[in-house]
Amino acid sequence: KCEKTETPEIGEEAKIGPKPDKAQLRSQFQLFSKFGDKSADGSSIKLSQSDKWFKQARVIEPKGVSTTDTGIAFRKVSKKAPKLSFVDWNKYLDEIASTKKVDVNTIKTKLVECGEPGFTGGTKVAKSAAVDRLTDTSKYGGAHKERFDSSGQGRGKEGREDAKSDGYVAGYKNKKGADDKMR
């Protein structure tokens with residue numbers, strides 16, 4: 001019952017497969033091999049950088065190539081080296097294509113057309129009633145009330161430091177009288 005069938009989309013792509021521009025692929029390779037690595041010169045790429053590129057190009061998808069597949073193929077081609085040159089990286093693409101039964105030109109075209117490396121998701125600020133309620137400074141009480149001004153902006157160090165103590169507890173009513181008796 002569990003037969004593996006190709007989706008029509010992959011089957012159609014495998015038949016067509018236009019050949020991508022090799023110069024563009026090389027320039028993309030250089031951009032992604034430098035992304036996130038200040039010391040990189042763009043001549044070789046790490047597995048993590050290649051996976052980032054594959055994800056951005058939507059080569060790595062839930063019903064297709066996975067990071068496990070890329071890791072296995074990377075180790076098969078690189079032996080024990082942490083990086084691949086452009087020539088070896090092309091062998092790596094061929095290995096993935098043959099393993100997953102996808103046309104290598106289709107993968108290369110997606111990689112060329114995905115654009116420059118960038119941050120896709122980023123961290124988004126949560127918007128919910130609970131977050132709004134918990135961050136509403138007008139509802140803060142006690143010592144924390146002193147940390148914010150009337151507009152809700154933080155007061156910085158001024159809001160964290162206590163005023164100079166006069167030696168009495170809060171709410172003591174006979175401060176002046178007690179001071180006079182002590183003298």
Side-chain angles (χ1 to χ4, degrees), residues 1-132 134-135 152-154 156-157 160:
K1 286 185 178 182
C2 295
E3 291 180 3
K4 189 175 180 182
T5 58
E6 287 185 358
T7 59
E9 195 176 286
I10 292 174
E12 289 170 22
E13 288 180 72
K15 291 173 190 168
I16 301 167
K19 204 158 193 169
D21 183 15
K22 196 157 190 152
Q24 282 184 320
L25 187 64
R26 183 178 278 280
S27 70
Q28 286 284 82
F29 176 86
Q30 289 174 339
L31 289 172
F32 275 92
S33 64
K34 291 178 185 177
F35 188 71
D37 188 1
K38 293 177 184 172
S39 63
D41 61 353
S43 63
S44 58
I45 194 165
K46 294 185 211 170
L47 175 61
S48 61
Q49 294 166 324
S50 181
D51 280 352
K52 196 255 182 278
W53 188 6
F54 278 34
K55 286 176 186 171
Q56 186 170 324
R58 302 204 190 281
V59 173
I60 292 179
E61 291 185 308
K63 297 249 182 185
V65 179
S66 70
T67 53
T68 306
D69 299 325
T70 61
I72 292 168
F74 195 90
R75 290 293 167 237
K76 200 179 277 187
V77 173
S78 73
K79 305 296 181 238
K80 295 208 184 243
K83 293 182 173 185
L84 290 176
S85 66
F86 184 70
V87 174
D88 288 336
W89 185 76
N90 277 302
K91 292 176 190 170
Y92 159 71
L93 290 181
D94 294 335
E95 178 66 33
I96 291 171
S98 66
T99 305
K100 298 306 280 181
K101 295 178 180 67
V102 181
D103 182 34
V104 72
N105 289 333
T106 304
I107 294 174
K108 288 180 180 180
T109 303
K110 283 183 177 181
L111 293 172
V112 167
E113 292 173 353
C114 77
E116 292 185 1
F119 299 102
T120 51
T123 306
K124 293 174 179 56
V125 178
K127 293 285 183 187
S128 70
V131 173
D132 290 341
L134 291 170
T135 56
Q153 292 293 314
K157 190 172 182 180
R160 291 189 303 272

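Start at 1 with the first residue, then count along the sequence.
- Distance check, rounded to the nearest 0.5 Å: CD of Glu113 to CD of Gln28 gives 10.0 Å.
- For the atom pair NZ of Lys80 and CZ of Arg75, the computed distance is 9.0 Å after rounding to the nearest 0.5 Å.
- Atom CZ of Phe74 sits about 3.5 Å away from atom CG of Leu84, to the nearest 0.5 Å.
- Closest heavy-atom contact between Lys52 and Phe35: CE-CE2, 3.4 Å.
- In this structure, the side chains of Val59 and Ile96 stay at 4.5 Å or more apart for every pair of heavy atoms.
- Residues Leu25 and Asn90 are in side-chain contact: their nearest non-hydrogen atoms beyond the backbone lie under 4.5 Å apart.
- Remark: the Asp51 side chain and the Ser48 side chain contain no N/O donor-acceptor pair separated by less than 3.5 Å.
- Between Lys83 and Asp37, some side-chain heavy-atom pair lies under the 4.5 Å cut-off.
- Classification of Asp88 and Lys91 as a salt-bridged pair holds, one side-chain N sitting under 4.0 Å from a carboxylate O.
- Between the side chains of Lys34 and Gln30, no donor-acceptor pair is found at a separation under 3.5 Å.
- A donor-acceptor contact shorter than 3.5 Å is absent between the side chain of Glu95 and the backbone of Ile72.
- Of all heavy-atom pairs spanning Leu47 and Gly71, the tightest one is CD2-CA, 3.9 Å.
- Atom-to-atom distance recorded for Ile107:CD1 and Phe54:CZ is 6.5 Å, nearest 0.5 angstrom.
- Between Phe29 atom CZ and Lys22 atom NZ the span is 12.0 Å, to the nearest 0.5 Å.
- Enclosure of atom CZ in Arg58 is not indicated, since only 12 or fewer non-hydrogen atoms of other residues, nucleotides or ligands lie within 6.0 angstrom.
- For the pair Ile45/Trp53, a side-chain contact is recorded, criterion being any heavy-atom separation below 4.5 Å from C-beta on.
- Here CZ of Arg26 is found 10.5 Å from OG of Ser33. Values are rounded to the nearest 0.5 Å.
- When side chains are defined from C-beta on, Thr70 counts as touching Tyr92, because their heavy atoms get closer than 4.5 Å.
- For Lys79 (side chain) and Lys76 (main-chain N/O), a donor-acceptor pair under 3.5 Å exists by modelled atom type.
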